[in-house]
Amino acid sequence: KSPFSTRRSCLKRGKRALKEIKQLAKVGEANCAHKRELMEAELHFLNGRHADAMTSYDAAIQQAGQEGFVHEQALACERAGMSCVSKQSRDVYFRKALVLYKSWGAGSNKTAPLISSLEQL
């Protein structure tokens, strides 16, 4: 497959998943708001709308934190860091993700790659 068809396939699956999350949010907003924002961030990023992506990542981080989903807050920080253009911003998001993953009890298989990424900045 060409990278273009893979990207198109990812966008299609992402839009379908976002639609499902929006349906679930009608019943359980507290459980789904951060997931919806994270999916929207990923789709914005894939569509080249980086400012919108960062806004949605930040919303996902905040909402996951408010509802106590530490592991998903960490994931949103990690994904935001991967999407950052600025090394300084990437560092902030990765460091926050690392702290959150550790507080959640994640093992070295999850934290080691973040530590490695931070060392390369």
Side-chain angles (χ1 to χ4, degrees):
K1 282 187 169 180
S2 75
F4 184 72
S5 65
T6 302
R7 181 180 172 280
R8 188 180 307 145
S9 173
C10 287
L11 282 169
K12 194 174 189 178
R13 284 193 314 246
K15 287 178 184 177
R16 207 173 24 240
L18 180 58
K19 186 176 179 180
E20 290 176 25
I21 289 171
K22 285 180 177 180
Q23 287 297 315
L24 291 171
K26 290 178 181 178
V27 196
E29 179 69 15
N31 291 324
C32 296
H34 62 283
K35 291 177 174 85
R36 182 187 62 234
E37 289 292 344
L38 185 56
M39 283 300 304
E40 287 178 351
E42 295 292 324
L43 289 171
H44 287 318
F45 184 77
L46 283 171
N47 284 312
R49 296 192 313 266
H50 300 284
D52 291 336
M54 297 314 295
T55 299
S56 290
Y57 284 125
D58 288 337
I61 292 163
Q62 179 191 11
Q63 291 168 354
Q66 280 179 260
E67 298 301 332
F69 294 104
V70 178
H71 61 298
E72 292 180 356
Q73 186 180 22
L75 174 63
C77 287
E78 182 179 7
R79 295 299 304 162
M82 291 175 164
S83 301
C84 283
V85 176
S86 153
K87 285 184 181 183
Q88 184 178 4
S89 295
R90 193 175 319 141
D91 181 70
V92 170
Y93 283 112
F94 281 167
R95 286 187 190 286
K96 185 171 182 175
L98 186 59
V99 167
L100 288 165
Y101 278 131
K102 284 183 177 180
S103 74
W104 180 59
S108 62
N109 62 326
K110 186 63 196 168
T111 58
L114 277 172
I115 293 169
S116 177
S117 294
L118 284 165
E119 290 170 351
Q120 293 174 14
L121 292 177

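Residue indices begin at 1 and follow the sequence shown.
Atoms OG1 and CD, from Thr111 and Glu78 in turn, are 10.5 Å apart once rounded to the nearest 0.5 Å. In this structure, CZ in Arg49 is found 5.5 Å from NE2 in His44, a value given to the nearest 0.5 Å. The distance from the CD atom of Glu72 to the CD atom of Glu67 is 11.0 Å, given to the nearest 0.5 Å. Interatomic distance, Glu37 CD to Leu18 CG, rounded to the nearest 0.5 Å: 9.5 Å. Between the OH atom of Tyr101 and the NE2 atom of His71 there is a distance of 9.0 Å, given to the nearest 0.5 Å.
Cluster membership check: Trp104 shares its hydrophobic cluster with Leu75, using side-chain heavy-atom separations under 4.5 Å among Ile, Leu, Val, Met, Phe, Trp and Tyr. Using a 4.5 Å cut-off between side-chain heavy atoms of Ile, Leu, Val, Met, Phe, Trp and Tyr, with links allowed through other members, Leu114 and Val70 fall into the same hydrophobic cluster. Phe69 and Leu98 fall into different hydrophobic clusters, where Ile, Leu, Val, Met, Phe, Trp and Tyr side chains are chained together by heavy-atom contacts under 4.5 Å. Residues Leu100 and Leu118 are members of one and the same hydrophobic cluster, defined by side-chain heavy-atom contacts under 4.5 angstrom among Ile, Leu, Val, Met, Phe, Trp and Tyr. Val99 is not connected to Ile115 by any chain of hydrophobic side-chain contacts under 4.5 Å among Ile, Leu, Val, Met, Phe, Trp and Tyr, and they are in different clusters.
Not one N or O on the side chain of Ser116 forms a donor-acceptor pair closer than 3.5 Å with the backbone of Ala112. Here the side chain of Arg90 pairs a donor or acceptor atom with the backbone of Val85 at under 3.5 angstrom.
Lys96 meets the salt bridge (charged side-chain N to carboxylate O under 4.0 Å, His left out) test with no other residue; sequence neighbours excluded.
The two residues Ser56 and Glu40 make their nearest non-hydrogen contact at OG-CB, 4.1 Å. In terms of heavy atoms, Tyr57 sits closest to Ser83 at OH-OG, 3.1 Å. For the residue pair Lys110 and Ala106, the shortest heavy atom distance occurs at CB-CB, 4.0 Å.
A salt bridge links Asp91 and Arg95; the closest N-O separation between the charged side-chain nitrogens and carboxylate oxygens is under 4.0 Å.
Side chains of Glu20 and Met39 form no contact here, defined as non-hydrogen atoms less than 4.5 Å apart. Between Asp58 and Thr55 the shortest side-chain heavy-atom distance does not fall below 4.5 Å. Side-chain contact between Lys15 and Leu43: present, with at least one pair of heavy atoms (C-beta onward) separated by less than 4.5 Å. Counting only heavy atoms from C-beta outward, the side chains of Glu42 and Arg79 approach each other to under 4.5 Å. Within the 4.5 Å cutoff, side-chain heavy atoms of Met54 are placed close to those of Tyr93.
For His50 and Phe45, the gap between ring centers is short of 6.0 Å.
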